[in-house]
K.L.:
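Below is the structure I would like to discuss, written out as structure tokens.
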Amino acid sequence: MLSTDQPIVIVTGASSGVGLHATHALTRRGWHVVMACRDLAKAEAAARGLGIVADAVSLMKIDLGSLASVRRFALAFQASGRSLDALVCNAAVYLPLLKEPARSPEGYEISVATNHLGHFLLMNLLLPNLRRATLRRPRLVTLGTVTANSEEFGGKVPIPAPADIGNLEGLEAGFRAPVAMIDGKPFKAGKAYKDSKLCNMIISRELHRRFHAETGIVFNTLYPGCVAETALFRNAPRLFQRIFPWFQKNITKGYVSQPLSGERVAQVVCDPEFQQSGVHWSWGNRQKADAKPFAQPLSAKAQDDRRGRRLWELSETLVGLRAAS
């Protein structure tokens, strides 16, 4: 039975990896978690497998790659009459082997549609609920990635096709076929994922700029470390899946376990030391459980306020919150 004074958090992509372990950590702190997932049977089995108390979670279906599904989820949550004290935007797809872009029902490239546009719509639809939160400082927390932030050590490592959304040429053109990249350039599957995560971090800053002073909602992103053994990488080459965890454990020292990553998400959602808004949280000496959090600067690409405002406006149009100009 859900207590009327029990804080409630929605976690997207809670059926595996960081989202599942964040759910576990949050329930241990006394929160009720709405596990927002595509596959509810999988989510239920995963929660049971970790020993999460059944009454501590609710299961609600969402496919972030479908704007219609996001709208149905938001309407169903609002109809439930529950309060909302935090939203964790964690779900992501990574499809590096695609040679041609896969498309959402609305016709958008699927990585950007799921990771960025689906979450963007969800955030906007649930902002009124967060404004009415029972907690004094409700929080909206988004998972970032080192590969989309060149200010971090891991982000400085030369990689093929680094995150770069250009001047949003692809979004300006409507982002439907034949356009598949935010910058309007030829399709690169791995880059589409990194670009979408850069958008996540830009939008969190824009949320802070637009709404924090007025609402008191805390808007943050975090990079808990490299969680190299989650289902996010299930579509990567098999050799990569074997080598990548070893490389992160022994060479970059950025590897963290799934339970530790979930614990760090829960910290950013719950703990008083994370109540500053507009921060991208990271951890020094990441592999240690007692590593200290710090505010990690973001790249110039992420801090460009003009681009942030335009990304917001174009995203509003693409998800149907603003009429096309």
K.L.:
Compare all side-chain heavy atoms of Q78 with those of L126 and state whether any distance is below 4.5 angstrom.
P.N.:
yes
K.L.:
Is there side-chain contact between R38 and I62, with at least one heavy-atom pair below 4.5 Å?
P.N.:
no
K.L.:
Does K191 pair with D183 as a salt bridge, N-O distance under 4.0 Å?
P.N.:
yes
K.L.:
Would you give the length of the straight line joining atom CE of M201 to atom OG of S196, rounded to the nearest 0.5 angstrom?
P.N.:
9.5 Å
K.L.:
Using atom types as modelled and distance alone, determine if a side-chain donor or acceptor of T114 lies under 3.5 Å from a backbone N or O of S111.
P.N.:
no
K.L.:
For the pair K194 and D164, find out whether any cationic side-chain nitrogen is under 4.0 Å from an anionic carboxylate oxygen.
P.N.:
no
K.L.:
So, for H119 and A91, which heavy atoms are closest and what is the spacing to 0.1 Å?
P.N.:
CE1-O, 3.1 Å
K.L.:
Do you know the tightest heavy-atom contact between C37 and A43?
P.N.:
SG-CB, 3.8 Å
K.L.:
Does A25 offer a backbone N or O that forms a donor-acceptor pair with the side chain of E263 under 3.5 Å?
P.N.:
no
K.L.:
Counting only N and O atoms by type, is there a donor-acceptor contact under 3.5 Å from the side chain of T12 to the main-chain atoms of N90?
P.N.:
yes
K.L.:
Side chains of L222 and Q296: closer than 4.5 Å at any heavy-atom pair?
P.N.:
no
K.L.:
Applying side chain to side chain contact (heavy atoms under 4.5 Å, CB included), run through W312 and L207 and close with a yes or a no.
P.N.:
CA-CA 9 Å; W312 181 280; L207 282 161; 3.5 Å; yes
K.L.:
Walk me through whether F73 and L125 qualify under side chain to side chain contact (heavy atoms under 4.5 Å, CB included).
P.N.:
CA-CA 10 Å; F73 174 92; L125 294 177; over 6 Å; no
K.L.:
State, with a plain yes or no, whether a side-chain heavy atom of K61 is found less than 4.5 Å away from one of R72.
P.N.:
no
K.L.:
Report, as yes or no, whether the 6.0 Å neighbourhood of atom CD on E100 holds more than 12 heavy atoms from other residues, nucleotides or ligands.
P.N.:
no
K.L.:
Between K301 and A163, is there a donor-acceptor pair closer than 3.5 Å when you use the side chain of the first and the backbone of the second?
P.N.:
yes
K.L.:
List the atom of F187, the atom of A192, and the distance in Å for their closest heavy-atom pair.
P.N.:
CE1-CB, 4.4 Å
K.L.:
Using the rule salt bridge (charged side-chain N to carboxylate O under 4.0 Å, His left out), only one of R310, R209, R205, R210 pairs with D305; which is it?
P.N.:
R205
K.L.:
For V279, is there any backbone N or O sitting under 3.5 Å from a side-chain donor or acceptor partner on N220?
P.N.:
yes
K.L.:
Compare every heavy atom of W281 with every heavy atom of P293, then report the nearest pair and how far apart it is.
P.N.:
CB-CE3, 4.3 Å
K.L.:
So, taking the atom named CG in L117 and the one named CG in L122, what distance separates them when rounded to the nearest 0.5 Å?
P.N.:
12.5 Å
K.L.:
Is there side-chain contact between E106 and V319, with at least one heavy-atom pair below 4.5 Å?
P.N.:
no
K.L.:
How long is the straight-line distance from CG of L298 back to CD of Q303, given to the nearest 0.5 Å?
P.N.:
5.5 Å
K.L.:
I would like to know whether F274 and V268 meet side chain to side chain contact (heavy atoms under 4.5 Å, CB included); could you show each step before the answer?
P.N.:
CA-CA 5 Å; F274 296 93; V268 177; 3.8 Å; yes
K.L.:
Report yes or no: does T27 contribute a side-chain atom to a donor-acceptor pair with the main-chain N or O of A56 at less than 3.5 Å?
P.N.:
no
K.L.:
Does D85 reach the main-chain N or O of I8 with its side chain, forming a donor-acceptor pair under 3.5 Å?
P.N.:
yes
K.L.:
Tell me whether R307 is salt-bridged to D304, with the criterion being a basic N under 4.0 Å from an acidic carboxylate O.
P.N.:
yes
K.L.:
If only atom types and distance count, is the side chain of Q258 paired as donor or acceptor with the main-chain N or O of H21 below 3.5 Å?
P.N.:
no
K.L.:
Within this structure, what is the CG-CD1 distance for the pair L314 and I182, rounded to the nearest 0.5 Å?
P.N.:
10.0 Å
K.L.:
Evaluate R139 against Q275 for side chain to side chain contact (heavy atoms under 4.5 Å, CB included), listing each step before the verdict.
P.N.:
CA-CA 8 Å; R139 303 186 190 183; Q275 64 184 4; 3.6 Å; yes
K.L.:
Same cluster or not: are V218 and L130 linked, directly or through other Ile, Leu, Val, Met, Phe, Trp or Tyr residues, by side-chain heavy atoms under 4.5 angstrom apart?
P.N.:
no
K.L.:
Taking the six-membered ring for Trp and the single ring otherwise, decide whether the centroids of W283 and Y223 are under 6.0 Å apart.
P.N.:
no
K.L.:
Are L75 and L127 linked, directly or through other ILVMFWY residues, by side chains that come within less than 4.5 angstrom of each other?
P.N.:
no
K.L.:
Under 3.5 Å, side chain of S69 to main-chain N/O of G65, donor-acceptor pair present?
P.N.:
no
K.L.:
For a quick test of reading the model, state the closest non-hydrogen atom pair linking R71 to L321 and the distance between them.
P.N.:
NH2-CD2, 4.3 Å
K.L.:
Verify the distance criterion only: is there a donor paired with an acceptor across the side chains of R82 and S58 at less than 3.5 Å?
P.N.:
yes
K.L.:
So, for T221 and S204, which heavy atoms are closest and what is the spacing to 0.1 Å?
P.N.:
CG2-CB, 3.4 Å
K.L.:
Would you say V9 and H32 make side-chain contact, with heavy atoms under 4.5 Å?
P.N.:
no
K.L.:
Can you tell me if S104 uses its side chain to pair, donor with acceptor, with the backbone of Y108 under 3.5 Å?
P.N.:
yes
K.L.:
Does any non-hydrogen side-chain atom of L95 lie less than 4.5 Å from one of I110?
P.N.:
yes
K.L.:
Just to verify, which of E206, E316, H116, R306 counts as forming a side-chain contact (heavy atoms from CB on, under 4.5 Å) with L311?
P.N.:
H116
K.L.:
Under a 4.0 Å threshold between the charged nitrogen and the carboxylate oxygen, would E109 count as salt-bridged to R176?
P.N.:
no
K.L.:
Does the distance from a Lys or Arg side-chain N to an Asp or Glu carboxylate O, for E169 and K185, drop under 4.0 Å?
P.N.:
no
K.L.:
Are the side chains of D195 and M181 in contact, using a 4.5 Å heavy-atom criterion?
P.N.:
yes
K.L.:
To the nearest 0.5 Å, what is the distance between CG (L67) and CG (L318)?
P.N.:
9.0 Å
K.L.:
Supply the atom-to-atom distance S315 OG to L171 CG, rounded to the nearest 0.5 angstrom.
P.N.:
6.0 Å
